[in-house]
Amino acid sequence: MLDERDIRAMLMVQGSEREELFTQARAARAGVYGDRVVVRAVIEVTNLCRVDCDFCPMRRSNTRTNDVFHQTPAEMIETAIGVHALGVDVICFQGGEVPQTTTSVGAALPTIAELYGGRVELLLNLGNKTRAEYARLREQGATSYIIKHETSDVDLHLRMRHEALDRRLACTADLLDLGYRVGSGMIIGLPGQSPDSIARDIVLCRDMGVHMMSAAPFVPAPDTPLAGVPAGDVELTLNVLAAMRLAQPEWTIPSVSAMRASVEGGQRRGFDAGANVIVFNATPADVRDKYLIYGKDRKVSDYEYVMDVIAQADLTPGGSVFLTETGRP
Ligand code: SF4
């Protein structure tokens with residue numbers, strides 16, 4: 001089993017050694033998932049957030065200047081009908097961290113599960129909640145949950161998010177205990193982050209037993225305290241993806257849209273480094289423009305775009321890897 005030192009070494013390799021690392025990562029992916037890429041739709045449900053992360057334009061400090069939206073359950077269901085028509089069976093409901101999403105998303109889930117006859121992965125990315133809220137959402141039909149720790153460096157986490165890492169990890173433990181398939185993730189290139197800390201991120205998540213992992217290069221966004229900080233290194237992020245694949249071959253690992261925001265063609269290169277998930281944005285255009293994840297100029301990946309990236313990577317579109325014979329993970 002790879003340890004922290006092995007992983008750190010992988011983060012540093014270059015040239016032909018790096019190509020070899022990527023080849024091994026692709027082989028590990030093929031061993032578990034063949035040539036199938038999980039295609040996931042994301043619905044952005046609200047840009048309201050009670051947290052004040054230094055890297056995010058939807059931070060609490062910007063609430064007054066942002067054009068706030070919160071989709072209704074009926075609006076979410078309408079979007080899900082469109083996703084179902086495309087034959088996509090993973091829907092991610094993503095939004096800022098506010099308690100109201102427990103009610104709004106929770107109300108939409110049973111109808112959407114019914115639309116699919118139960119054969120759908122209903123994935124949430126709605127931040128810290130109480131155990132009782134997570135349990136309620138699971139009862140409503142949620143199957144999986146992304147709760148990224150962003151960085152496992154306790155001081156850096158507090159500095160960047162103004163929140164305690166422990167609370168985030170306690171939420172992760174609750175979700176695992178309630179039977180969710182859980183995803184974590186990290187940002188690469190936060191100011192003050194070290195390769196040792198990135199290696200620890202990967203080992204921590206393997207030790208926690210999460211099922212999904214992600215790594216996104218830091219993208220400096222306007223109207224945030226980190227607006228003037230250089231972007232995260234996409235090349236390092238690719239090494240991180242390969243190291244994650246080799247550390248835990250069963251992880252589902254996306255090639256995220258932030259790769260595209262940083263470098264043209266970056267998202268396809270994520271697949272060369274061992275990723276096996278891609279996400280397209282199904283949010284209605286009028287509200288999507290208010291979801292300022294990387295500022296107003298973000299490039300939005302639609303269904304056609306992700307199909308094109310999968311074809312360029314010489315892979316095949318596929319569905320949820322968590323659905324069981326009976327449907328619900
Ligand atoms: S990154 Fe998430 S938790 Fe942090 S401010 Fe943005 S929406 Fe809120």
Side-chain angles (χ1 to χ4, degrees), residues 42-71 92-102 104-105 123-130 133-134 137 145-172 174-175 182-193 201 212-227 229 231-232 237 254 256-259 261-262 279 281 283 287-298 300:
V42 66
I43 304 176
E44 291 154 342
V45 298
T46 182
N47 58 355
L48 200 57
C49 189
R50 61 155 204 92
V51 192
D52 213 25
C53 298
D54 279 3
F55 45 81
C56 177
M58 296 191 298
R59 61 202 304 264
R60 183 182 64 233
S61 299
N62 291 355
T63 306
R64 263 197 224 132
T65 45
N66 286 346
D67 191 358
V68 170
F69 74 92
H70 194 147
Q71 290 207 60
C92 177
F93 299 82
Q94 178 169 296
E97 186 174 306
V98 284
Q100 298 94 301
T101 54
T102 305
S104 63
V105 175
L123 169 65
L124 311 183
N125 183 359
L126 302 171
N128 293 6
K129 291 185 183 289
T130 64
E133 286 176 292
Y134 290 144
L137 287 162
Y145 205 106
I146 293 173
I147 183 142
K148 299 179 189 176
H149 69 277
E150 313 292 12
T151 170
S152 60
D153 176 325
V154 173
D155 296 334
L156 182 61
H157 189 100
L158 190 60
R159 223 165 43 242
M160 293 290 112
R161 302 195 67 243
H162 313 284
E163 293 267 313
L165 174 67
D166 276 359
R167 177 74 195 109
R168 199 77 170 166
L169 299 183
C171 287
T172 311
D174 277 342
L175 288 160
V182 178
S184 189
M186 52 201 181
I187 301 176
I188 306 300
L190 291 171
Q193 188 183 41
D201 285 330
M212 306 176 262
M213 259 300 264
S214 71
F218 165 67
V219 178
D223 307 315
T224 65
L226 300 187
V229 170
T237 308
V256 299
S257 61
M259 305 282 281
S262 304
V279 183
N281 198 311
T283 314
V287 286
R288 190 172 63 200
D289 294 342
K290 299 174 189 167
Y291 197 83
L292 305 169
I293 192 163
Y294 305 124
K296 287 197 168 70
D297 296 333
R298 76 164 163 157
V300 172

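Just so you know, these numbers use all the heavy atoms, side chains as well, and skip hydrogens, waters and symmetry mates. Atoms within a ligand are numbered from 1 in the order they appear, just like the ligands themselves. Start at 1 with the first residue, then count along the sequence.
Set against the non-hydrogen atoms of C49, the atoms of ligand 1 under 4.0 Å away are 3 (S), 5 (S), 7 (S), 8 (Fe). Of all atoms in ligand 1, numbered sequentially from 1 with element shown, those under 4.0 Å from a heavy atom of F55 are 1 (S). Residue contact check: V51 has heavy atoms under 4.0 Å from atoms 3 (S), 5 (S) of ligand 1. Less than 4.0 angstrom separates some heavy atom of C53 from each of these atoms of ligand 1: 1 (S), 3 (S), 4 (Fe), 5 (S). For ligand 1, the atoms lying closer than 4.0 Å to a non-hydrogen atom of R59 are 5 (S).
Here C56 reaches atom 6 (Fe) of ligand 1: one of its N/O/S atoms is less than 2.8 Å from the metal.
For R50 and E163, the salt-bridge test passes: some basic side-chain N is under 4.0 Å from an acidic carboxylate O. Checked for salt-bridge contact, D54 and R59 meet the test: a charged N lies under 4.0 Å from a carboxylate O. Using a cut-off of 4.0 Å between Lys/Arg side-chain N and Asp/Glu carboxylate O, K148 and E97 are scored as not salt-bridged.
Considering only heavy atoms from C-beta on, I187 stays 4.5 Å or farther from T151 through its side chain.
For atom 2 (Fe) of ligand 1, the nearest protein heavy atom lies 4.0 Å away or farther.
For the side chain to side chain contact (heavy atoms under 4.5 Å, CB included) test with L126, the passing option among V45, V98, T102, I147 is V45; the others fail.
The backbone N or O of R168 lies less than 3.5 Å from no partner atom in the side chain of H149, so there is not a single donor-acceptor pair.
For the pair R161 and ligand 1, a heavy-atom separation below 4.0 Å is found.
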